[in-house]
Amino acid sequence: MSFKEYKNLDYAQVADEILSFWKSNEIFEKSITSREGHPTFTFFEGPPSANGTPGIHHVMARTIKDIFCRYQTLKGKQVKRKGGWDTHGLPVELQVEKELGITKEDIGKSISVEEYNQKCRETVMKFTDQWNDLTEKMGYWVDLEDPYVTYHATYIESVWNLLKKLYEKGLLYKGYTIQPYSPAAGTGLSSHELNQPGCYRDVKDTSLTAQFKVKNTEKSTFLFDAAGSEVYILAWTTTPWTLPSNAALTAGKNIEYVLIKTFNPYTFLPVNVVLAKDLIKNYFKAEAENGDFDAFAAADKKPQAIPYQILKTFKGSEIEGVEYEQLMAYVQPEAPAFRVILGDFVTTEDGTGIVHTAPTFGADDFRVAQQNGIPAIVVKDENGKEVPLVNRQGKFVKEVTDYALEFVKEAYLSEEEKEIEKAKQGRDKYLSVDERIAIQLKTENKAFNVQKFDHPYPHCWRTDKPVLYYPLDSWFIKTTAVKDKLIALNKTIQWKPESTGTGRFGNWLENLVDWNLSRSRYWGTPLPIWRTEDESEEVCMGSLADLLAGLKKALESGKLDAGQIKGNEAFLAAAAKGEADLHRPYVDDIYLISPNGQIMSREADLIDVWFDSGAMPFAQWHYPFENQEIFKANYPADFISEGVDQTRGWFFTLHAISSMVEDSVAFKNVVSTGLVLDKNGNKMSKRLGNAIDPFETLKKYGADPTRWYMITNAQPWDNLKFDLAGITEVRNKFFGTLTNTYNFFALYANLDGFDPKQLGSLNEANLTELDRWVLSKLMTLIAEVDEAYAQYEPTKAGRAIQDFVCDHLSNWYVRLSRRRFWNPESAANGLSDDKIAAYQTLYTCLEAVAQMMSPIAPFYGEWLYKNLTGKESVHLSDFIQVNKSLQNESLEQSMDLAQRICSLVHSLRKTHKLKVRQPLAQILVPVLNEQTREQIRRVDGLIKTEVNVKEVNYLDDASGVLSKKVKPNFKALGPKFGKDMKQVADLISQMNAETLANLEANSVVTMNGFEIGLAEVEIMTEDMPGYLTASEGGLTIALDNKLTPELVREGMAREFVNRIQNLRKDSGFEVTDKIYITIQEGPLDWKESINEFKSYISQEVQALDIEWKNQLEGATEVNMEDVNLFVQIRK
RNA sequence: GGGCUUGUAGCUCAGGUGGUUAGAGCGCUACACUGAUAAUGUAGAGGUCCGUGGUUCGAGUCCACGCAGGCCCA
């Protein structure tokens, strides 16, 4: 066989060619079918939303996914990976609305739900072509032929099945969350609606700082001890109407609070109050601190500044659990309430640093109350249903007797209504509920401060009235009930990086609230729950078959009206044709009959799209309706990977659903990847114009350099500062070097007819030290790379491969081995054992590198592998095994010494302007032990050629010319001497030759009473007089720079060789061309040198003869530093 | 405001369990090399290891408090 040789390799073109090869030979399919019956490695693809175009960060994310799937395939696993599309949800809806120029208001009016959903269905797969294109071009292997699609009926049916299972476990319930609500419009508002311009307006509200009276319990003893009398906690609110609903007070864990002795400013009764230290200034005048309490109490007309005194300072965590008396006791809670809890949303920006908490009227309040087991203050309506103290019209319920059926906000009253109320109140001005509550509390010694407060407050865009934060119905999954299970299972997952699992995800699980499933939208998976109007009966549908059965039963009952019958029949007809659409509006038109004969209609909600994607382990296979075997073999996943932003998204929903339904993790290993930023560390965005087009990048640089750059530049979980210049660097440095190395191999292997099919496996007997060394390095590399991939550390793997190729293989092995390959030898005579060993070694390294790099650079790895081996595909091969017999630690150390010695000699030559072409007599290496001498001796041949010296000689103690130096070994001294270390270190540094000799002889010496052992010092050699010396890291070498006439002449011969080689090259001769050299008579010293080294020169430049002539026509003038020679070469 | 995370040379990054002289690549400067050559070698310049305290004989590394950037949440 012959190896292809390349000039100016275009990596994008390589990718193109390999891609079409893969396609026409179905290599991806084979990589799976060829592993039939092997253990599976399961990967779950997090579905991208196809309604946007892919970006460069998708190349990053998918490279990570691809690497480990390819690696596991090499390790013999069968790796099925089904692609998928996330197709439901708000982004799709918004895009459709933008395209059609409509808003949510129009749905059901100017456009039917049916038409709208049809449009969503069309839009959502809009960019699939682009996605598929990117997937292919970047070399990401995933099954695009048969992806799962979340809007397909089969997918939805599986989702319903999961919901049914949760329902049966009692984990699905209807409850409420606090959402913006417009009582005037009678509707909830989305955050989207609330963020429209003009919604937030400045309003003047009554703000009130209330005094909550602390109960004297164990928790609060320290307060009472300091105060000696009643203690009140101060909490501030801009919505006094929520005070009857107060259930807790929330403090900040790390906020500093104070207990202050002072007077109530309205009743002038002495009080002790608690508030945040930073906010004292908002309530007290600094000059009144430690004022005259007695004088104030005695004064008839009270002075402006109320005296106060700080009694105690403490952290929020110290008042957790302190109980207090209910402030406005209209309605009693069903469980213990009225205590201090901690919340992370508390600030010291306004108020008192303690937040009045009404679970029914604030999202934070609701959440923190739920987490702390604080009940909401509710009453039962006429149906026995629990409702808050304010009804949906915005009026107090009758139980709040003093304000029964009054609007809680003044803005809800019309002018006429205000007049009527004014009359009722018997005042000359209407006073709002807030104002009257303030007055009431003032007189009851429960208000510490009341004032008007300007702040922005959200208003309903339809009615212009302020919104309330109000509990609205939602369907929930009771994740709090399985919190412990979620936490326990999470501990079995390997997270990369670990902190995402323990920190971000772990903390999230610790603070879990129930999963709100409900979405009031149109395009999504409908909640499969039907209820009777009085909510006494309900059913959850777990399959299409169940639904159809229920639907038929309803038709047969004869209780449906004409419209209902029509809807049911239409659905039945569609289902009969296999076209049942489980979306709205069709499912909305289905009516069922309860066991008690009542009509049931569907709960209008759609479910959170995150449930869709979290359901994919099941729904991608239409489990349990189909593919039960495939599901069992591919669940749970061995590996998933997505952006760290998915922690609370997909990672959570996968984990939650699996934990609840299967009592299992959904994935065993997860890599959460960082962001791809621009080269300056800014977020990429189309708007800013700093987004990188993935297609252009792949086209210009090729997929392999792009992938390699992304993986080796930063750890996957760190943010990547993406710089195109970095790809260029990787391309030149790594891929360029590797391609050069391959080309070098190919060039000579072709000349010599080396055939790996016959000679591909190593014959260890013929290996040189250099061969053994690079193979030992290779074995170490294989082990390292295997481990790195297995541990989901692609960056380590890539960097290790890169270092091997550039530093060890190319720059040392090949550079020092070139001469062996040049050695002219015709194929006809058979190759020498040495040459075969060289080819085998280089071939072995290249083949292994091709395979190890192939998960990261799949096209190039394939290209290299195929060029080398002629086999079908690297991706169908088995991961190379470490051959332990080739590992040689001592040889690696030897070579390390050789490299350091060469580096030192080069450095000396450089500083003393001694060209490498000038041979020198010797270098001297001081060695303090026999082992080092042997280690260097093994490789001194390499050193001699590399730095062009005739001898490597060793100096030991016996030579008497060594001057030694001793340094303290701090690591050993520290533990032994501790505080006396400095003193001992000084003693060692000042040790004289005699003491040192003593130490060496006895292994121990005592100085100033300190016993110093041999292991506690480092002994090294220093300068040698008469030579050029250099040292580094304990290694010293001396260069003998004395030139003999003989050495000078050899140097001249080498110079001449150099010029002839240049001439050959300039003349365009082939490497194999033999030449004749003719030189015009000239300087005698040059003639002498050239003649003396004629055979050496001839061999080097492949000259058949060198002759001298008096006159030479058409000769080339060659500069030899001091003189010029006229030379002619011909074939 | 909270959780997590990052901060080391102009740039991108390495720096097990603390050990005194902090490294690599790229870039820059100079020189050398020239049958791998749009490569390569050598040398040089370039560092408050984000800051401040603390623990220690000794801190880039451990602890505390900050500062700046990022992500998620509020």
Side-chain angles (χ1 to χ4, degrees), chain A residues 7-8 252-255 343-349 363-364 367 497 499-508 510-511 643-649 672 674-675 677 679-683 709 712-715 717-721 723 725-726 728-730 732-734 736-737 739-748 795-796 799 802-803 806-807 810-811 814-815 818-819 821-822 902-911 913-917 946 967-975 977-985 1033 1058 1060-1062 1064-1065 1069-1073 1100-1102:
Chain A
K7 279 188 178 156
N8 299 330
K253 184 170 66 180
N254 293 318
I255 296 175
D344 56 19
F345 57 89
V346 181
T347 71
T348 52
E349 270 162 38
D364 278 334
R367 182 173 51 87
S499 59
T500 302
T502 54
R504 190 181 281 210
F505 195 67
N507 291 344
W508 160 250
E510 295 286 348
N511 293 306
V644 68
D645 54 335
Q646 293 292 342
T647 306
R648 293 173 183 194
S672 76
L675 263 64
L677 308 170
K679 63 178 173 187
N680 299 317
N682 299 314
K683 218 170 162 173
Y709 161 70
T712 55
N713 187 67
Q715 301 271 23
W717 36 88
D718 289 336
N719 289 347
L720 173 68
K721 288 183 195 164
D723 187 354
T728 307
E729 189 183 322
V730 157
N732 294 347
K733 177 91 187 143
F734 173 62
T737 305
T739 306
N740 269 337
T741 307
Y742 165 75
N743 269 336
F744 174 84
F745 169 82
L747 175 66
Y748 291 100
T795 309
K796 270 189 191 167
R799 285 177 179 171
Q802 190 166 287
D803 289 348
C806 296
D807 296 344
S810 168
N811 189 34
V814 172
R815 198 155 57 81
R818 280 180 294 188
R819 197 156 281 275
F821 293 95
W822 296 342
C902 289
S903 170
L904 287 170
V905 177
H906 277 133
S907 168
L908 281 175
R909 277 183 173 273
K910 154 81 187 148
T911 40
K913 299 206 186 304
L914 296 162
K915 288 185 164 189
V916 180
R917 269 200 294 270
E946 175 66 9
K967 262 174 66 176
N969 176 355
F970 291 98
K971 198 166 182 173
L973 289 169
F977 294 107
K979 281 189 197 299
D980 298 324
M981 238 251 322
K982 278 225 161 77
Q983 206 186 331
V984 178
N1058 163 248
I1060 299 298
Q1061 297 288 34
N1062 285 344
R1064 279 185 64 117
K1065 206 173 163 196
F1069 289 7
E1070 293 298 321
V1071 177
T1072 44
D1073 291 337
E1100 287 295 304
V1101 304
Q1102 303 191 58

Once you apply the 3.5 Å cut-off to both distances, tell me the Watson-Crick or G-U wobble partner of [N], or none.
{"N": "B:rU37", "answer": "none"}
{"N": "B:rG25", "answer": "B:rC11"}
{"N": "B:rC65", "answer": "B:rG51"}
{"N": "B:rC71", "answer": "B:rG3"}
{"N": "B:rA45", "answer": "none"}

With B for base contact, S for sugar-phosphate-only contact and - for none (protein heavy atoms under 4.0 Å), nucleotides 6-11 of chain B reads ------
Scoring nucleotides 60-74 of chain B by protein non-hydrogen atoms under 4.0 Å (B base, S sugar-phosphate only, - none) yields ----------SBSSS
What is the distance from atom [atom1] of [X] to atom [atom2] of [Y], rounded to the nearest 0.5 Å?
{"X": "A:Thr647", "Y": "A:Asn507", "atom1": "OG1", "atom2": "CG", "answer": "11.5 Å"}
{"X": "A:Asn732", "Y": "A:Thr739", "atom1": "CG", "atom2": "OG1", "answer": "10.5 Å"}
{"X": "A:Glu1100", "Y": "A:Ile1060", "atom1": "CD", "atom2": "CD1", "answer": "12.5 Å"}
{"X": "A:Leu720", "Y": "A:Leu677", "atom1": "CG", "atom2": "CG", "answer": "7.5 Å"}

A:Asn811 meets the side chain to side chain donor-acceptor pair (under 3.5 Å) criterion, sequence neighbours left out, with A:Arg815
Determine the Euclidean distance between corresponding [atom1] atoms of [M] and [N]; express it in Å to zero decimal places.
{"N": "B:rU52", "M": "B:rC67", "atom1": "P", "result": "15 Å"}
{"N": "B:rA45", "M": "B:rU55", "atom1": "P", "result": "37 Å"}
{"N": "B:rU8", "M": "B:rG23", "atom1": "C1'", "result": "10 Å"}
{"N": "B:rU34", "M": "B:rG51", "atom1": "P", "result": "47 Å"}
{"N": "B:rA39", "M": "B:rC26", "atom1": "C1'", "result": "16 Å"}

Closest to the side chain of A:Arg815, out of B:rC13, B:rA39, B:rU40, is B:rU40
Between [N] ([atom2]) and [X] ([atom1]): distance, integer Å:
{"X": "A:Gln646", "N": "B:rC4", "atom1": "CD", "atom2": "C1'", "value": "16 Å"}
{"X": "A:Glu729", "N": "B:rA39", "atom1": "CD", "atom2": "P", "value": "13 Å"}
{"X": "A:Arg909", "N": "B:rA30", "atom1": "CZ", "atom2": "C1'", "value": "19 Å"}
{"X": "A:Arg917", "N": "B:rC31", "atom1": "CZ", "atom2": "C1'", "value": "14 Å"}
{"X": "A:Asn1062", "N": "B:rA32", "atom1": "CG", "atom2": "C1'", "value": "14 Å"}
{"X": "A:Tyr709", "N": "B:rC13", "atom1": "OH", "atom2": "C1'", "value": "11 Å"}
{"X": "A:Asn1058", "N": "B:rG41", "atom1": "CG", "atom2": "C1'", "value": "15 Å"}
{"X": "A:Phe734", "N": "B:rA36", "atom1": "CZ", "atom2": "P", "value": "21 Å"}

Hey, does the side chain of [X] come within less than 4.0 Å of [N]'s phosphate (OP1/OP2), counting only N and O?
{"X": "A:Asn811", "N": "B:rG41", "value": "yes"}
{"X": "A:Arg799", "N": "B:rC13", "value": "no"}
{"X": "A:Ser499", "N": "B:rC4", "value": "no"}

Below 30° counts as parallel, above 60° as perpendicular, anything between as tilted: where do the rings of A:Phe821 and A:Phe744 land? perpendicular
In terms of heavy-atom contacts, A:Thr712 and A:Arg799 come closest through O-NE, 2.8 Å
Closest heavy-atom pair, A:Val916 versus A:His906, reported as atoms and distance to 0.1 Å, is CG2-CD2, 4.0 Å
- Record whether the side chain of A:Ser810 comes under 3.5 Å of the base of B:rA36 through a donor-acceptor pair of N or O atoms. yes
### Message
Categorize A:Asn507 for me: base, sugar-phosphate, or nothing, with a 4.0 angstrom heavy-atom threshold over every strand shown.
### Response
sugar-phosphate
Q.
What's A:Val814 touching, base or sugar-phosphate or nothing? Going by heavy atoms closer than 4.0 Å.
A. base
Nearest-nucleotide check on RNA chain B, A:Asn732 vs A:Asn713; residue mapping nearer the 5' end is A:Asn713
Heavy-atom nearest nucleotide on RNA chain B taken for A:Gln715 and for A:Thr741; more 5' hit belongs to A:Gln715
So do A:Thr728 and A:Tyr709 actually touch side chain to side chain, heavy atoms under 4.5 Å? no
